[in-house]
Amino acid sequence: MGGGTGSGLGTFVLNVLEDEFPEVYRFVTSVYPSAEDDVITSPYNSVLAMRELTEHADCVLPIENQSLVDIVNKIHHMANSGKLGAVKPNSLVTSNKGGMKEGEKPFDAMNNIVANLLLNLTSSARFEGALNMDLNEISMNLVPFPHLHYLTSSLTPLYTLADVNVPTRRLDQMFSDAFNKDHQLIRADPKHSLYLACALMVRGNVHISDLRRNIERLKPSLQFVSWNQEGWKTSLCSVPPVGHTHSLLALANNTCVKPTFIDLRDRFTRLYRKKAHLHHYLQVDGMEQSSFTDAYSSLSSLIDEYNQLDAAKGVALPDPPRINIAV
C-alpha cells in the first residue's frame, strides 16, 4: 500500500479483474505501512489505493508491517529461549536469510506469515473436509454492507513454517489465541471492539462439536452488533498444515480496523495540507488534484460508517412487533 508500484499497479490489476471477470469474487491482502515507513509519500499512495479497494474489492484482508515485525520478533525470542522446541539451523526464523540481524526487517519470515494466511484461506478449495467453505461464502456471510469489507485476520499456531517445530496448542487454547491481540496480523484488539461477523476456518483433527463448544465458550466475552448476535461462519478442513495436528484462521469483520484508517488519514492530511510532493503526482497524465480530495472523502466516509456502528455499541434494538393473527 505504501509503495507506488504496490498501490498503483495493484489497484490497476484489481480494476482489470473486475472488468474481465465481474462475477468472480476479488480478495485482496493489503499490507499497510508502519509509522516508521521509509517511503515519504506512502500516505498518498495508501489513501489513493484505499478508495479503489473500497469501491472495487469484495474482501480486503488488511495486514500491517509493524504487526508482522512484532510477531517475528516474538517468535525469534521464543526460539532463542528454547520455548519453540527444535528449530532447524537454516530456519527462516533464526538465519540471516530471514533478516534477523539487529535493525533489519525479517522480510522472508514476514512474507511466510502472509503466505500461511492465504494457504489457510484457500484450504477448503484444495482439500476435503466435513464443513468446507468457498471463498464466496466468506464475502456473503461476513460483509453486511458493501464498503465495510475489511476483515481482520489472526492465525494460530502463530508460525507454521514446516522447518519450525511449534508445540501444538491445546485445542481450546487455540481458539482463545485467535481472539488475542498478539495473534492479529494488524495492530488491533478486536475483543474490545464491535463484531459485525466472524469466520473460523479450522484445519486438522477437529470435530464440529469442538467448534460449537468453543464458540459458546467465547461468545460472552465478544461484543457482536445487536442485529447479528449469531454472526458466526465455520469451516472444517480435514488436512492440517505440515507438521501440525490442527490450525485456525479467524476472519473478523470488526470495527477495530478504524484506528488504522484514522492514523492513515491523519498522515495523509499532514502532507496534503502543505501540498508536499504533490507535483510529482500531478505531472502524470490523467492524475488531477481532485483524485486526492476524492480519495480523502472516500476514506472519511468509511471511517464515519465505522463510527456509526461504534456509537450503537451496547444499544439493544427493540424486538419487532409480533404479528397478531385473528382467530
Side-chain angles (χ1 to χ4, degrees), residues 1 6 10-11 13-14 16-18 20-32 53 56-64 67-68 71 92 107-143 149-164 166 168-169 174-175 177-178 183-186 190 197-208 210-211 231-254 257:
M1 293 287 280
T11 53
V13 170
L14 179 68
V16 171
L17 287 172
E18 184 179 32
E20 295 291 329
F21 309 100
E23 302 302 318
V24 177
Y25 283 85
R26 293 171 296 281
F27 280 70
V28 182
T29 49
S30 55
V31 182
Y32 284 73
L53 292 179
H56 302 289
D58 291 299
C59 278
V60 180
L61 308 179
I63 297 159
E64 279 185 326
S67 185
L68 297 178
I71 289 171
L92 289 175
F107 292 115
D108 286 340
M110 292 162 68
N111 286 336
N112 265 288
I113 295 170
V114 182
N116 283 322
L117 160 65
L118 297 174
L119 287 172
N120 282 281
L121 185 69
T122 58
S123 60
S124 282
R126 294 180 291 114
F127 302 114
E128 293 181 352
L131 196 66
N132 273 353
M133 186 195 305
D134 292 331
L135 285 179
N136 62 330
E137 291 184 77
I138 296 174
S139 177
M140 193 70 67
N141 288 274
L142 266 62
V143 182
H149 53 236
Y150 293 85
L151 309 179
T152 60
S153 52
S154 61
L155 285 167
T156 176
L158 206 47
Y159 209 83
T160 55
L161 267 185
D163 61 354
V164 182
V166 180
T168 300
R169 302 288 277 173
M174 181 179 77
F175 282 90
D177 286 345
H183 285 249
Q184 309 299 318
L185 300 194
I186 186 171
C198 184
L200 301 178
M201 307 182 73
V202 184
R203 296 178 63 184
N205 185 24
V206 182
H207 300 289
I208 294 175
D210 296 320
L211 274 170
W232 296 86
K233 181 67 179 172
T234 55
S235 119
L236 199 49
C237 172
S238 56
V239 179
V242 175
H244 298 276
T245 56
H246 45 251
S247 73
L248 170 63
L249 166 64
L251 299 176
N253 195 335
N254 190 294
V257 296

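Keep in mind that what you see is a predicted model, and the values were worked out from it rather than measured. Quick note: residue numbers are just sequence positions, from 1.
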Kindly indicate, with the supporting measurements, whether the criterion side-chain contact (heavy atoms from CB on, under 4.5 Å) is fulfilled by Lys233 and Ile138.
CA-CA 8 Å; Lys233 181 67 179 172; Ile138 296 174; over 6 Å; no

Could you give me the CA-CA distance, side-chain angles and deciding distance for His149 and Val60, then say whether side-chain contact (heavy atoms from CB on, under 4.5 Å) is met?
CA-CA 6 Å; His149 53 236; Val60 180; 3.7 Å; yes

Could you give me the CA-CA distance, side-chain angles and deciding distance for Leu155 and Ile113, then say whether side-chain contact (heavy atoms from CB on, under 4.5 Å) is met?
CA-CA 9 Å; Leu155 285 167; Ile113 295 170; 4.2 Å; yes

Can you list the steps and then say if Val31 with Met110 is a side-chain contact (heavy atoms from CB on, under 4.5 Å)?
CA-CA 11 Å; Val31 182; Met110 292 162 68; over 6 Å; no

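Here the shortest heavy-atom pairing between Asp58 and Tyr25 reads OD2-CA, 3.3 Å. Closest heavy-atom contact between Ser154 and Ala178: OG-O, 2.6 Å. His183 approaches Thr156 most closely through the heavy-atom pair ND1-CB, 4.0 Å.
Using a 4.5 Å cut-off on side-chain heavy atoms (C-beta onward), Leu17 and His56 make no contact. Using a 4.5 Å heavy-atom cutoff, the side chains of Val206 and Leu248 are not in contact. Taking the side chain as every heavy atom from C-beta outward, Met133 and Asn141 never approach each other to under 4.5 Å. Using a 4.5 Å cut-off on side-chain heavy atoms (C-beta onward), Leu211 and Phe175 make contact. Looking only at side-chain heavy atoms (C-beta outward), Leu118 and Phe27 stay at 4.5 Å or farther from each other. Looking at Leu61 and Leu185, their side chains never come closer than 4.5 Å, going by heavy atoms from C-beta outward. Counting heavy atoms from C-beta outward, Cys59 and Leu142 have side chains that stay 4.5 Å or more apart. Inter-residue side-chain proximity for Ser247 and Asn120 is flagged as met; some heavy-atom pair is nearer than 4.5 Å.
Tested against Leu236, the residues Asn132, Val202, Leu200 include a single side chain to side chain contact (heavy atoms under 4.5 Å, CB included) partner, Val202.
No donor-acceptor distance shorter than 3.5 angstrom exists from the side chain of His246 to the backbone of Asn205, with no hydrogens or angles considered. Formation of a donor-acceptor pair under 3.5 Å by the Arg126 side chain with backbone atoms of Leu119 is found in this model.
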